[in-house]
*Asks:* 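Can you keep this structure in mind? I'll have questions shortly.
As the structure lists them, so they are numbered: ligands from 1, and atoms in each ligand from 1. Just so it is clear, the values below take in all heavy atoms, side chains as well, and ignore hydrogens, waters and symmetry mates. Keep in mind that this is a model prediction, so the values were computed, not measured.
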Amino acid sequence: MTEPRARRIFVAGATGVTGRALLEAAAAQKMRVLAHARPSSVAKLGPAGAAHDVVTVDLGDAAGLTAALAGVTTIVQCIGTMKKRFAAGDTYESSDIGTTQQLVDAGRAAGVDHVVLLGSVGAGGVGAYLKAKARAEAIVRESGMAWTIFRPSVLIGEDRGGVPGFGAVTRLLGMKKYQPIKVEQLAGALLLCARERAPLGVALEGKPLWQLVARGLG
Ligand SMILES: NC(=O)c1ccc[n+]([C@@H]2O[C@H](COP(=O)([O-])OP(=O)(O)OC[C@H]3O[C@@H](n4cnc5c(N)ncnc54)[C@H](OP(=O)(O)O)[C@@H]3O)[C@@H](O)[C@H]2O)c1
């Protein structure tokens, strides 16, 4: 019988709020991941970066990215942007959609066998952000690789707070799908999914997402 491949995880968007929480969760589990950062952002990794391998390849460099992904089993795509950052050059087209396509193309060439996409609840709904999330999902679904999509609601952590009272209302009404999620909870669930290569072929939101969160926190 063939031995299952030992997991080697590439974290795209490692300098972001969720990406850094993921690095911390992995370090706490004594797991070394390959963290991707843009050259100008490496310092943002802070202490979270010290326990991991760091790569700064331009995601638009197909050959370079494919080489960087050698030996990687799993891509966890945490890249995304927001409207207030458009002035600095990032857009939904370049960050949310473009980098997903670049990662999927290079991942397939490099033999990656699992792509985990951090998307959003409401993907495909009204507005450019949710439309972009649906396009990123489609890229992953059609990648030819096994995939898992996360569709969390509002993130809580660092400078993220959500709308005051929103969490209480969602809990009161039993709206699990819209319940705000702490980045540590999300990071634990992403890491568990990446480590176990499961569940596959599902977009996780609501109850199944919260079940994974509970397991991810051990
Ligand atoms: N915030 C929420 O409430 C919420 C809710 C549901 C889902 N989400 C989604 O969850 C994901 C992670 O959110 P977050 O709040 O953790 O993100 P974040 O803190 O805003 O970080 C975004 C990450 O994406 C990277 N990035 C952006 N454009 C890039 C590009 N063109 N090339 C390479 N890297 C690029 C950033 O790198 P730099 O450091 O170099 O800028 C950073 O590492 C996003 O897709 C977001 O849409 C967010």
*Asks:* Indicate the atoms forming the closest heavy-atom contact of Tyr178 with Ser153, along with that distance.
*Replies:*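 What the structure gives for the nearest pair is O-OG, 2.8 Å.
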
*Asks:* Give the numbers and elements of all ligand 1 atoms closer than 4.0 Å to a heavy atom of Lys44.
*Replies:* 38 (P), 39 (O), 41 (O)

*Asks:* Ile79 to ligand 1: N or O pair under 3.5 Å?
*Replies:* yes

*Asks:* Hey, is ligand 1 close enough to Pro152 that some N/O pair sits below 3.5 Å?
*Replies:* no

*Asks:* Test: salt bridge (Lys or Arg N to Asp or Glu O under 4.0 Å). Region: residues 174-193. Which pairs qualify, not counting sequence neighbours?
*Replies:* Lys177-Glu205

*Asks:* Which ligand 1 atoms are under 4.0 Å away from a heavy-atom of Gly13?
*Replies:*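 With Gly13 as reference, the close atoms of ligand 1 come out as 43 (O).
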
*Asks:* Any nitrogen or oxygen of Ser120, side chain or backbone, less than 3.5 Å from one on ligand 1?
*Replies:*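 Between Ser120 and ligand 1 (N or O atoms, distance only) the closest approach is not under 3.5 Å.
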
*Asks:* Using a plain distance cutoff, I'd like to know if Gly19 has any nitrogen or oxygen under 3.5 Å from a nitrogen or oxygen of ligand 1.
*Replies:*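 Among all N and O atoms of Gly19, none is under 3.5 Å from an N or O of ligand 1.
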
*Asks:* Please confirm whether Thr15 comes within less than 3.5 Å of ligand 1 when only nitrogen or oxygen atoms on both sides are compared.
*Replies:* yes

*Asks:* Tell me which one of Glu158, Arg20, Arg38 gets a heavy atom nearest to atom 30 (C) of ligand 1.
*Replies:*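 The nearest heavy atom belongs to Arg38.
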
*Asks:* Where does Ala12 meet ligand 1, judged by heavy-atom distances below 4.0 Å: at the side chain, the backbone, both, or neither?
*Replies:*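 The answer is neither.
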
*Asks:* According to the side-chain hydrogen bond (donor to acceptor under 3.5 Å, both in side chains) rule, which pairs have a member within residues 40-60, sequence neighbours left out?
*Replies:*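 Residue pairs with at least one partner in residues 40-60: Arg8-Asp53, Arg32-Asp53.
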
*Asks:* For atom 40 (O) of ligand 1, what is the nearest protein heavy atom, given as residue, atom name and distance?
*Replies:* Ser41 OG, 2.5 Å

*Asks:* Check the pair Arg20, Glu158 against salt bridge (charged side-chain N to carboxylate O under 4.0 Å, His left out), reporting the backbone distance first and the verdict last.
*Replies:* CA-CA 11 Å; Arg20 275 179 284 118; Glu158 297 197 8; 2.7 Å; yes

*Asks:* What residue and heavy atom of the protein are closest to atom 21 (O) of ligand 1, and at what distance?
*Replies:*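 Ranked first by proximity to atom 21 (O) of ligand 1 is Gly16 CA, 3.2 Å.
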
*Asks:* Taking distance alone, with no angle check, do Thr81 and ligand 1 share an N/O pair under 3.5 Å?
*Replies:* no

